[in-house]
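Comments concern the structure below.
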Amino acid sequence: MSDTLLVMKFGGTNMQDSAAIRHSASLAGRSVSLGVKVVVVVSAMAGVTNGLLALADAAESGDIAAANDEIAALRTRHFTAAQELGAAPDSATVRDIREMHETLRQAVYGVYLLRELTPRSRDLIVAFGERLSAPLMALALEGQGFRSHHLTGGEAGILTDQHFGNAKPLPTTYERVRDRLSGLLAAGVTPVVSGFMGETERGAITTLGRGGTDFSATIIGKALGADEVWAWKDVDGVMSADPRVVKDARNITVLSYGEVMELAYFGAKVLHPLAVTPLQESGIPLRVKSAADPDFPGTLVQAQAQDEAGHPVKAVTAIRNVSIINISGAGVLGIPEVIASVFDAIARENITLLMVSQSSSMSNVSLAVQSGDAERTLSALRAGVSRELKVDRQSDVAVLAIVGSGMRGQRGVSARLFTALASQDINILMISQGSSELNISVAIEGDQVDEATRAVHAAFGLGQPVAVGN
Ligand SMILES: Nc1ncnc2c1ncn2[C@@H]1O[C@H](COP(=O)(O)OP(=O)(O)O)[C@@H](O)[C@H]1O
Ligand SMILES: N[C@@H](CC(=O)OP(=O)(O)O)C(=O)O
């Protein structure tokens with residue numbers, strides 16, 4: 001028996017139907033057969049999270065018929081998968097799925113009666129996606145001869161703060177996860193944990209932010225001192241750009257934790273922005289692997305970056321649906337208390353700032369925020385800052401970023417970026433470079449983001465094979 005312990009995460013695409021679930025189970029099973037202990041962490045079946053969010057909104061707006069139709073469709077989808085994975089109609093799995101849909105229906109009816117969808121009730125509803133997919137994965141593993149047991153995030157020990165929709169693990173999580181999972185592993189059982197979700201100390205269900213199953217997996221990896229965390233995906237690994245936008249995007253062999261965080265923060269949907277944070281202290285590696293090509297090494301994410309001379313940039317990413325909020329008022333903004341009131345107002349609303357820039361005359365500050373946060377930002381600023389300041393919004397913006405540790409101390413990187421954008425006649429609205437020099441980001445018109453991404457990808461030769469040095 002080896003002493004190796006792996007945490008394996010399967011995303012929505014790898015859970016989308018019974019065939020995908022069976023294939024994912026076989027990927028975990030390959031390691032279990034070799035004597036490796038594996039904890040499996042699953043996302044909801046593809047599209048289910050969005051479906052749950054939509055039906056919660058429908059219930060809030062009074063359209064209970066639409067919400068119930070969507071629940072019925074979800075029920076059919078999960079029952080079909082269970083049946084195809086061999087569950088008998090009177091089996092415990094089918095009973096579990098039926099009960100969960102009933103609880104979901106009741107929760108949604110409560111939203112409809114109250115016409116109120118709080119972040120807390122939204123989390124309760126949306127976490128059903130992962131609660132429903134875990135039993136299916138356990139079924140598939142059992143069907144392939146592996147002993148398995150499914151648990152919700154809370155049952156697996158993931159305890160979070162009360163930040164519904166974007167919760168963070170509490171420090172006690174790690175010991176709890178160890179307590180809850182070690183016994184199962186020692187008994188030769190493969191735990192299947194519902195990703196994306198945790199619970200508060202009082203037992204309310206929370207979620208960890210979109211794409212949060214990656215985060216669940218690394219939290220569990222840290223708790224158990226795993227040898228590695230593997231995130232199985234529908235792509236070869238972390239690529240030099242979103243492969244849906246750039247056809248010649250290439251797999252990146254090695255990335256540092258810092259580089260991956262920048263990439264995820266600046267829109268590379270491939271990993272949750274906080275996913276590597278639990279691994280940073282212990283140095284546990286994260287591998288992003290292709291479920292379609294399991295022997296391909298994918299991307300190794302580790303503490304040290306590896307750079308190739310002449311290749312300062314590793315990837316180009318973009319955040320879409322951004323708005324720029326401009327705050328102006330000659331002679332007012334230079335006063336430190338006024339600047340403080342701007343940031344206070346933003347902090348009170350817990351709004352994530354994507355970029356900040358200030359004109360040197362101090363008469364203008366620009367903030368880039370997700371368009372979904374723009375109205376809240378505007379109201380917070382209008383209520384919280386001096387009336388002499390003018391606050392306005394520019395919509396339909398995108399933020400494009402280049403990322404790579406090799407740009408540290410390198411001259412000419414921004415010149416290449418700006419030349420590539422200028423060659424496509426792309427106007428730059430804001431510029432920022434992090435002091436870590438791991439990224440340079442620019443705000444541009446939203447409808448130019450794809451051509452900008454392709455131009456920048458080509459300008460830095462990211463489609464060319466790179467021999468990574470040590
Ligand atoms: N730089 C990138 N590298 C890899 N994939 C990316 C990148 N940027 C965006 N993506 C997109 O992320 C998707 C994979 O992430 P996601 O769908 O969240 O995975 P999963 O749900 O399987 O965990 C890919 O289909 C790809 O289109
Ligand atoms: N289902 C959740 C969590 C998640 O991580 O999903 P995926 O692994 O499919 O990106 C979401 O859609 O946000």
Side-chain angles (χ1 to χ4, degrees), residues 8-16 20-21 23-24 27 40-54 74 122-123 125-134 137 153 165-167 193-198 206-219 229-253 255 259-275 286-292 298-299 301 313-320 400-404 449-450 453 456-457 462-463:
M8 294 193 182
K9 179 258 168 159
F10 294 95
T13 319
N14 304 125
M15 296 292 295
Q16 66 186 350
I21 298 173
H23 177 63
S24 298
L27 295 173
V40 173
V41 187
V42 294
S43 293
M45 298 173 88
V48 168
T49 303
N50 287 341
L52 288 162
L53 287 169
L74 289 177
R122 188 185 281 112
D123 271 7
I125 290 169
V126 79
F128 273 102
E130 275 68 13
R131 286 170 73 180
L132 284 160
S133 63
M137 174 58 93
N166 227 344
V193 180
S194 300
F196 182 48
M197 64 175 304
T206 51
T207 64
L208 308 174
R210 293 306 303 266
T213 308
D214 298 320
F215 198 14
S216 307
T218 55
I219 293 167
V229 177
W230 291 6
W232 292 97
K233 301 270 169 182
D234 63 342
V235 278
D236 285 347
V238 182
M239 319 274 291
S240 53
D242 186 339
R244 286 172 299 195
V245 176
V246 180
K247 292 289 161 260
D248 64 344
R250 291 182 56 82
N251 180 57
I252 307 170
T253 319
L255 282 169
E259 288 174 320
V260 155
M261 279 171 78
E262 296 288 343
L263 273 166
Y265 182 80
F266 283 108
K269 283 275 181 310
V270 65
L271 283 171
H272 184 285
L274 296 181
L286 167 69
R287 273 183 207 280
V288 182
K289 287 179 68 71
S290 161
T299 301
V301 184
V313 172
K314 296 201 175 87
V316 51
T317 60
I319 313 181
R320 289 149 203 275
L400 177 141
I402 50 174
V403 176
V449 64
D450 286 349
T453 304
V456 172
H457 193 266
L462 299 182

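Whatever order the structure lists ligands and atoms in, that order sets their numbers, starting from 1.
- Taking a cut-off of under 4.0 Å to the non-hydrogen atoms of Gly212, the atoms of ligand 2 that pass are 3 (C), 4 (C), 5 (O).
- Using a 4.0 Å cut-off between charged nitrogen and carboxylate oxygen, Asp450 and Arg320 count as a salt-bridge pair.
- When hydrogens are left out, the protein atom nearest atom 18 (O) of ligand 1 is Lys269 O, 3.3 Å; that is the closest non-hydrogen contact.
- Atom OG1 of Thr213 is separated from atom CG of Asn14 by 11.0 Å, given to the nearest 0.5 angstrom.
- Closest approach of Ser43 and Lys9 over heavy atoms only: OG-CE, 3.7 Å.
- Protein heavy atom closest to atom 22 (O) of ligand 1, with residue, atom name and distance, is Gly11 CA, 3.7 Å.
- Taking a distance limit of 4.0 Å, we find that atom 20 (P) of ligand 1 is approached by some protein heavy atom.
- Where the criterion is an N or O separation shorter than 3.5 Å, residue side chain and backbone included, Ala268 fails it with respect to ligand 1.
- When each atom of ligand 1 is checked for a heavy atom of Asp234 under 4.0 Å away, the hits are 14 (C), 24 (C), 25 (O).
- One side chain, Asp123 or Thr207, offers a donor N or O that lies under 3.5 Å from an acceptor on the other.
- Among protein heavy atoms, atom 7 (C) of ligand 1 sits closest to Asp242 CA, 3.8 Å.
- Two residues are said to be in side-chain contact when any heavy atoms from C-beta on lie closer than 4.5 Å; Ser240 and Val246 fail this criterion.
- Side chain of Thr299 to backbone of Val288: no donor-acceptor contact under 3.5 angstrom is found.
- Here the heavy atom of the protein found nearest to atom 5 (N) of ligand 1 is Val270 CB, 3.5 Å.
- The distance from the CG atom of Leu52 to the CD atom of Glu130 is 8.5 Å, given to the nearest 0.5 Å.
- The Val238 neighbourhood of ligand 1 comprises atoms 3 (N), with distances under 4.0 Å to a heavy atom of that residue.
- Using a 4.5 Å heavy-atom cutoff, the side chains of Val301 and Met261 are not in contact.
- Inter-residue side-chain proximity for Val235 and Pro243 is flagged as met; some heavy-atom pair is nearer than 4.5 Å.
- Using a 4.0 angstrom heavy-atom cutoff, Lys9 counts as in contact with ligand 2.
- Ligand 2 lies nowhere less than 4.0 angstrom from a heavy atom belonging to Lys269.
- Contact analysis puts Gly237 in contact with ligand 1, with a non-hydrogen atom separation below 4.0 angstrom.
- At a heavy-atom cutoff of 4.0 Å, ligand 1 is contacted by the backbone of Ala241 but not by its side chain.
- Among all non-hydrogen protein atoms, the one lying nearest atom 12 (O) of ligand 2 is Arg210 NH2, 2.9 Å.
- In this structure, atom 3 (N) of ligand 1 lies nearest to the protein heavy atom Met239 N, 2.8 Å.
- Atom CG of Asp248 is separated from atom CE of Met239 by 9.5 Å, given to the nearest 0.5 angstrom.
- With Phe10 as reference, Leu27 is the one residue of Leu27, Val41, Ile21 to meet the side chain to side chain contact (heavy atoms under 4.5 Å, CB included) rule.
- The shortest separation from a heavy atom of Gly195 to ligand 2 is not under 4.0 Å, leaving the residue out of contact.
- The two residues Asn166 and Gly209 come nearest to each other via the heavy atoms OD1-CA, 3.8 Å.
- Taking each heavy atom of Ala264 and Leu271 in turn, the nearest pair found is CB-O, 3.2 Å.
- Protein heavy atom nearest atom 6 (O) of ligand 2, with residue, atom name and distance: Ser43 OG, 3.4 Å.
- From the protein, the heavy atom lying nearest to atom 9 (O) of ligand 2 is Gly12 N, 2.9 Å.
- Residue Val235 touches ligand 1 through its side chain alone, judged by heavy-atom distances below 4.0 Å.
- Atoms CG and CD, from Asp234 and Gln16 in turn, are 8.5 Å apart once rounded to the nearest 0.5 Å.
- For the pair Gly211 and ligand 2, a heavy-atom separation below 4.0 Å is found.
- Geometrically, ligand 1 and Ser240 share no nitrogen or oxygen pair separated by less than 3.5 Å.
- In the vicinity of Lys9, heavy-atom distances shorter than 4.0 Å reach the ligand 1 atoms 20 (P), 23 (O).
- Only the side chain of Arg244 comes within 4.0 Å of ligand 1, judged by heavy-atom distances.
- Between His272 atom NE2 and Thr218 atom OG1 the span is 9.0 Å, to the nearest 0.5 Å.
- Within the 4.0 Å heavy-atom criterion, the part of Thr49 lying near ligand 2 is the side chain and not the backbone.
- Ligand 1 has Gly12 within reach: a non-hydrogen atom of the residue lies less than 4.0 Å from it.
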